[in-house]
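Both ligands and their constituent atoms are indexed starting at 1 by order of listing. Just the heavy atoms: all of them, side chains too, but no hydrogens, waters or symmetry mates, feed the values below.
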Amino acid sequence: MPSFSSNESGALAEDEVARPSNFVRDLIIGDIQSGRFAGKVHTRFPPEPNGYLHIGHAKSICLNFGLALEFGGKCNLRFDDTNPCKEETEYVESIIEDVRWLGFDWEGRLFYASDYFDQLYEWAVQLTRQGQAYVCDLTAEQIREYRGTPSEPGRESPYRNRPVEENLNLLERMRAGEFPDGSRTLRSKIDMASPNFNMRDPVMYRILHAEHHRTGNKWCIYPMYDFAHGQSDSIEGITHSICTLEFEDHRPLYDWYLDKLGIHHPQQIEFDRLNLTNTVLSKRKLLTLVQKGYVSGWDDPRMPTLSGIRRRGYTPEAIRRFCNSIGVSKTNGVIEYSLLEHHLREDLNKRAARVMAVIDPLRLVIDNYPDDLVEEMEAVNNPEDAAMGTRRVPFSKVLLIERDDFREDPPKQYYRLSPGREVRLRYAYLVTCTHIVKDEATGEILEIHCTYDPATRGGNAPDGRKVKSTIHWVSASHALDFEARLYDTLFLDVNTGEENEAEDFTASLNPNSLQVRPSAKIEPSVQGAAPGARYQFERVGYFCVDRDSTPEKLVFNRTVQLRDTWAKIEKSQKAKS
Ligand code: ATP
Ligand code: MG
């Protein structure tokens, strides 16, 4: 049975390399044309290894790697691992795997900001020697007090005018471990009256006796992100340092450091962060979901993490096309989750093999079908792709159909099976419902009885009579059991209050985001399907084999629903009435 799995990272198609126009791309084209940076393009994707990557990061990855590819440049992968307390090797490994899975290659240029700690320290000494940095003895709280407000200038630290020699001596002793955590900082001497808070003598180094995941106990002072980021770009010869809008106010500070140090000066360009409806894209919040057990882990298929949506069955191609389609701008907005699903469906429609599976089985007995006969019905694997061929599906007297495909009292416009009505069983025969068997006590429908027309093999009547509906089925004695995991959005709120930090974001978690159907049934052709294999369950949705699946117990994740036309009709009927 053909299927395609999620373990491969699909190569970029021709039409993905030429990206849609946007202002970042236009700026780069301008630089190439004017010969700035010798016409070179060198970007980087700089994650902080304090969580798993999410779909927002994919936007940044596609932008940075995509621009490098388009203009024959390079893109580095760099871990911004300046904070020793939060970073873990697990995150580093997952990030490497995720970027690779998305289909991008850093060609061996994998770097760590922590590799630059020696150089950064030398630069700190240089700025101190130049009288542009000083050791400050104010506590963190005092520094905040002195910083002023947006309307009032800050006050200068009483330590601001320490002689250079004293600063150099204290900095060296900070590094040597003579002082306790938080007792001193190294600050840049810029402008306490600047309207930009970032320029009011920002801290460059803090004392922190903490072990770092790469440098161990070598350091007990660590550079602030703002002192490390721009210089790391400079060291790597980055030409265009592309980051999200919240760093716009930090750009003057990065420029200041690079200028005072007199080193290579990349061009920083800020773009809008991706926000999606019905989910959160903040590593802190995602970590909370994991730690408090709202989800089973970073790769829970409901998570917007790349490992989560990969497990869910998303393809790298769909994610890249989504990222290309949303564009890049200078104002933050919120993108509909359904747009991501749209790109996924487009891709899966072309590539996923069709099979028949029943999520909520109801017995259908064909009374006039021979008891022991089993016919092999020929079924098309993918109507979008003839090369995927056909398969044979066993058909017999007792079938299972979707409970939802039968109504005892069919509402208007409901054309599926109901008493007296004839429908087509996909790839098989036309059948007519004769009667039903119910549980006397509960009224639950136990069994549907039909007769079939032997002249309609393949699904068409020789007399040309039409039926309005085709339903799918599996043969009860041949079907495999499986567990279906049906997912819905993680959050009920469309806008999850990402803006409002005071609000408890978990309050709008969807209690029904996961529904397990333990007794679903599927045609036997999927026997042996490996985790990651994707299918379209005809009329039901796209599914993939979960990594929890074993030969004894098949488990499928619902990747995305097909557009449910009946649900739409019902909705519009309700709206009208
Ligand atoms: P978070 O706020 O979730 O902690 P972050 O921005 O701190 O995210 P980083 O690891 O620093 O996460 O991000 C690496 C890169 O990805 C940065 O260049 C950042 O600007 C970009 N990025 C992060 N989130 C998004 C997003 N939602 N949309 C686009 N780019 C993003
Ligand atoms: Mg960050």
Atom indices of ligand 1, in the order listed, that fall short of 4.0 Å to a heavy atom of Pro46: 14 (C), 18 (O)
Region of Arg284 that comes within reach of ligand 1 [heavy atoms, distance under 4.0 Å]: neither
Contact partition for Phe247 relative to ligand 1, non-hydrogen atoms under 4.0 Å: neither
Over 12 non-hydrogen atoms of neighbours within 6.0 angstrom of NZ in Lys189: yes
[X] N/O under 3.5 Å from ligand 1 N/O:
X      : answer
Thr244 : yes
Asn50  : no
Pro47  : no
Glu48  : yes
Phe271 : no
Glu246 : no

From Arg273, Glu270, His229, Lys285 - option closest to atom 5 (P) of ligand 1 by heavy atom: Arg273
SB check Lys330 Glu270 (cutoff 4.0 Å): yes
Pair Ser513, Arg302: side-chain N/O donor-acceptor within cut-off below 3.5 Å: yes
Asp98 and Tyr52 side chains, donor-acceptor separation under 3.5 Å: no
Ring centers of Tyr535, Phe543 separated by less than 6.0 Å: no
Arg78 charged N/C atom sitting above Phe111 aromatic ring, 6.0 Å / 45°: no
Parallel, tilted or perpendicular: rings of Phe247 and His229 (30°, 60°): parallel
